[in-house]
Amino acid sequence: MVGSTEKRAAGCETKTQLRILVLGAALRKDSLNVRLARLAAQVATSQSAIARLAAMTEFDCPPYDQDVELTTGIPEGAKAFCRSLKESDAFIIASPEYNASLPGYLKNSIDWVSRFRPQPFNGKQAFLLSASPAMGGGNRGLWSLRVPLEHLGARVYPDMFSLAQAHEAFSADGRIANGMLQQRFEDTIRCFMDLVEAAKHYPGLKKQWIEFLGERPDPVVDRIETSDVEAEPTAA
Ligand SMILES: Cc1cc2nc3c(=O)[nH]c(=O)nc-3n(C[C@H](O)[C@H](O)[C@H](O)COP(=O)(O)O)c2cc1C
């Protein structure tokens, strides 16, 4: 008899077409991060994914204000971000680094999206990119971007790609001029997509989301979503 694990493993032999949301998280016209996002979308597409390249202007929101949420409701930008996440198996964000952190407008949109239930970041696989003219490539900003995303239950890929001296790193065709670096970029996206594929086939990788794990359970204040997780067998 074939067990459920064997059946799932067998399912992995047939790859499904993955849907990846790729967000160039910058507002300015000549953004280096948008260029990197565009390249990531091209690479994902060349590896058989359906990549949707989104602009930050689609998801931009007024500053979060709970009074506005209660009176006017959640803004269109957050609704579009939420919808795009729900339609995707995974997401990639290319974000600038502002003062060693993530840009305020990006955190603001994440805060708005965190108000939806079901909360769409939960359980989503994520890969983070940055580009900066500086030698660090904006990498410090990605460490701070990880914090709200992981808090919201996103599965943020351990490797991150930060393009240093990005103002002179691209060739005219939009690829990374250094061939070895371009190859490394492509390989890392392929590895990320393998993980996304695995997560699709193995429901056991799904997880519940509890905002403050370890707090005394209290239905009045708990922010918890367990619907995706098979119940643990209870002791007789
Ligand atoms: C307010 C502000 C703060 C910045 N802080 C940093 C920083 O901490 N580290 C860094 O590498 N670049 C920093 N930069 C430079 C950006 O990396 C650079 O402008 C980059 O091109 C922005 O990304 P974009 O091209 O996608 O818009 C900062 C730029 C601005 C406007």
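When a ligand or atom number is given, it counts from 1 through the structure's own listing order. Just so we're clear, the structure is a prediction, and the values are computed from it rather than from any experiment.
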Can we call the ring centroids of Phe121 and Phe116 under 6.0 Å apart?
no
Answer with yes or no whether the side chains of Ser171 and Asp173 bring together a donor and an acceptor at under 3.5 Å.
yes
The answer, listing residues by chain and number that come under 4.0 Å of ligand 1 through any heavy atom, is Ala26, Arg28, Ser31, Leu32, Asn33, Pro96, Glu97, Tyr98, Asn99, Ala100, Ser132, Pro133, Ala134, Arg140
May I ask you to say whether Arg175 pairs ionically with Glu186, meaning some side-chain N is under 4.0 Å from a carboxylate O?
yes
Sub-6.0 Å ring centroid separation between Phe127 and Phe161
no
Cluster membership besides Val220, Ile/Leu/Val/Met/Phe/Trp/Tyr side chains within less than 4.5 angstrom, sorted by chain and number, is Val221
Are the charged groups of Arg190 and Asp187 less than 4.0 angstrom apart, N to O?
yes
